[in-house]
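In this text the structure is predicted, and so the values were computed from the model without any measurement. In what follows, every chain begins at residue 1, and chains take the letters A, B, ... in the order their sequences are listed.
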Number of protein chains: 2
Amino acid sequence: MRRDVFQGIADPTRREILNMIAHKSLNVNSVASNFDVSRTAIYKHLKILSECGLVVIQQQGRERFCEARLERLSEVSDWVEQYRKVWTSRLDNLEDYLKELQSKNKKHGRKKTR
Amino acid sequence: MRRDVFQGIADPTRREILNMIAHKSLNVNSVASNFDVSRTAIYKHLKILSECGLVVIQQQGRERFCEARLERLSEVSDWVEQYRKVWTSRLDNLEDYLKELQSKNKKHGRKKTR
DNA sequence: TATTTGTGAAACCAAAAGGTTGCATTATGA
DNA sequence: TCATAATGCAACCTTTTGGTTTCACAAATA
């Protein structure tokens, strides 16, 4: 079974769970009560999140508190950021190209600079 | 069928495909030849990627060129970034706490500032 | 024209995902 | 001690995922 952060955040319910506990840990029932699926379904999502390190579950009496480990999201961030230069430079090129087109249409070859 | 960017990048093969065509568009066969699964399997991944907007496929003769639309990753980036403040401030708190502990252990209460 | 190349898509399959109900276990509180 | 609350987990189900083999078809080429 693949268990990485990318798969962890792939499901919208799991992203909602993360958002819910981002600022304050909640016990399993509290998390589940915010959804209209069963507690067991939410428990499974929590288990997946904990398996990929995005959540840590700690027992306290008869309750288990779920704490978000948001810093694990840096893996996702790093992966995306490696491509940012590529896509922004492409958008710049497109922008340049459009500006050049515009200049040519106006037939006075002035080149705008940003 | 859910088709969003998060699900698009959930599969490691699809992330590899994106990486492969990030700088240069490739036709379907060229993409597939880099993997040891069948062309059809890769074709399905490409279809999923195009359904969630991460890839655009354009016909050129009998070939279809696959072009990465990396700017779609900004959706992922935005989602992650909303949590960065939360996790970095927590790490700062932890750091402060550890430094305070250290000071107390050295029994001379000096408080380092960054 | 006949053949090869590049591709799309159908039919099928096993495993994983996401859900349910039901039951066992442990901690709390009356 | 007994009832209840919070939870983990097994058993089961349906749909999706990720893969396969096979076939059809259009474009390029010998």
**Prompt:** If you group Ile, Leu, Val, Met, Phe, Trp and Tyr by side-chain heavy-atom gaps below 4.5 Å, do A:Val37 and A:Val31 land in one group?
**Reply:** yes

**Request:** Supply the atom-to-atom distance A:Leu18 CG to A:Glu16 CD, rounded to the nearest 0.5 angstrom.
**Result:** 10.5 Å

**Item:** Any donor-acceptor pair under 3.5 Å from B:Ser30 side chain to B:Leu26 backbone
**Value:** no

**Item:** Base-pairing string, 5' to 3', of DNA chain C - Watson-Crick or wobble, under 3.5 Å, | interstrand
**Value:** ||||||||||||||||||||||||||||||

**Prompt:** Ion pair present between B:Lys44 and B:Asp11, side-chain N to carboxylate O less than 4.0 angstrom?
**Reply:** no

**Fill in**
In this structure, OG1 of B:Thr13 is separated from CE of B:Met20 (nearest 0.5 Å) by 9.5 Å

**Asked** Looking at B:His45, does any N or O in its side chain come under 4.0 Å of the phosphate oxygens OP1/OP2 on D:dT17?
**Response** no

**Asked** In whole Å, what is the span from the CG atom of B:Asp11 to the P atom of C:dA16?
**Response** 13 Å

**Item:** Comparing A:Ile48 and A:Gln60 on DNA chain C - which has the more 5′ nearest nucleotide
**Value:** A:Ile48

**Message:** Between B:Arg72 and B:Asp4, does any NZ, NE, NH1 or NH2 come within less than 4.0 Å of an OD or OE carboxylate oxygen?
**Reply:** no

**Asked** So, are A:Arg69 and A:Glu67 salt-bridged, with charged N and O less than 4.0 Å apart?
**Response** yes

**Prompt:** Between atom CG in A:Asp4 and atom P in C:dA17, what is the gap in whole Å?
**Reply:** 11 Å

**Request:** Indicate for each nucleotide in nucleotides 6-16 of chain D, in 5' to 3' sequence, whether protein heavy atoms under 4.0 Å reach the base (B), only the sugar-phosphate (S), or nothing (-).
**Result:** SBBBBB-----

**Message:** Expressed as a whole number of angstroms, how long is the span from B:Leu46:CG to C:dA9:C1'?
**Reply:** 15 Å

**Message:** Using modelled atom types and a 3.5 Å cut-off, is there a donor and acceptor pairing between side-chain atoms of A:Arg64 and backbone atoms of A:Ile57?
**Reply:** no

